[in-house]
Each structure stands twice: as C-alpha cells, then as structure tokens.
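Computation of the quantities below employed the complete heavy-atom set of this structure, encompassing side-chain atoms and omitting hydrogens, waters and symmetry-equivalent molecules.
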Amino acid sequence: MVSGIGAEGIRLRCGTASPKEVQKVLDEIHSNPSLRADIIDKAKSARAGMNAGEFGMQPNRAAEIHFLIKALDKMG
C-alpha cells in the first residue's frame, strides 16, 4: 500500500493481474504526477455524476470516490 492507496487485481476474461503487476501500477501512480492528476480529474467527474444520479447506481459510491481523491491529492 502506498500513501493510503491500495489495489488488487480483478478477474477478467483474459485473467487476473498478479500482485507484482498490481504493485507496478501503484508505483506508477505514486511516481507520475500527470497520471495522478488525470485519475483525480476522472474521479471528480465520476463523483459528480454519481451525486447527480447519472449512473443509476445503488448505493452511491461518491463518498468512496471522495476518499480516493483525497488520498491521491496527498501523494503530491
């Protein structure tokens, strides 16, 4: 876990990411400010959409997205 951000591979048709591959992604997020900024922008847009009811999701995950944004902001 890097600066409060955790991740694990999800199962897809083509397989599951290994722990090493997941760690590589976390390392890139930690070391790449432009990637972090892009993820933050997309997360803010998703949070706004969730709060506006655009995704028709139950439950609303905007609070979880908010904590992700805060953790990414703290990284750099």
**Asked** What heavy-atom pair brings Ala7 and Leu26 nearest, and what distance separates the two atoms?
**Response** CB-CD2, 3.9 Å
**Request:** Check Gly9 against Val22 and note the closest heavy-atom contact, atom names and distance.
**Result:** N-CG2, 3.5 Å
Please output the side-chain donor-acceptor pairs of residues 32-39 that fall under 3.5 Å, not counting sequence neighbours, one pair per line with the distance.
| residue | atom | partner | partner atom | Å |
| --- | --- | --- | --- | --- |
| Asn32 | OD1 | Ser34 | N | 3.1 |
| Asn32 | OD1 | Ser34 | OG | 2.8 |
| Asn32 | OD1 | Leu35 | N | 3.0 |
| Asn32 | ND2 | Glu28 | OE2 | 2.8 |
| Arg36 | NH1 | Ile29 | O | 2.9 |
| Arg36 | NH1 | His30 | O | 2.7 |
| Asp38 | OD1 | Lys42 | NZ | 2.7 |
| Asp38 | OD2 | Lys42 | NZ | 3.1 |

**Complete:** To the nearest 0.5 Å, atom OG of Ser45 lies from atom CG of Asp41 at 9.0 Å
**Residue Glu8 excluded, over 12 heavy atoms near CD under 6.0 Å** = no
Distance-only check: which donor-acceptor pairs under 3.5 Å involve side-chain atoms of residues 11-18, not counting sequence neighbours?
| residue | atom | partner | partner atom | Å |
| --- | --- | --- | --- | --- |
| Ser18 | OG | Lys20 | N | 3.4 |
| Ser18 | OG | Glu21 | N | 3.1 |
| Ser18 | OG | Glu21 | OE1 | 3.4 |

**Request:** Under the side chain to side chain contact (heavy atoms under 4.5 Å, CB included) rule, collect the residues that match up with Lys44, sequence neighbours excluded.
**Result:** Ile40, Arg47, Ile69
**Request:** Looking only at non-hydrogen atoms, find the nearest pair between Ile5 and Ala71 and report the distance.
**Result:** CD1-CB, 3.4 Å
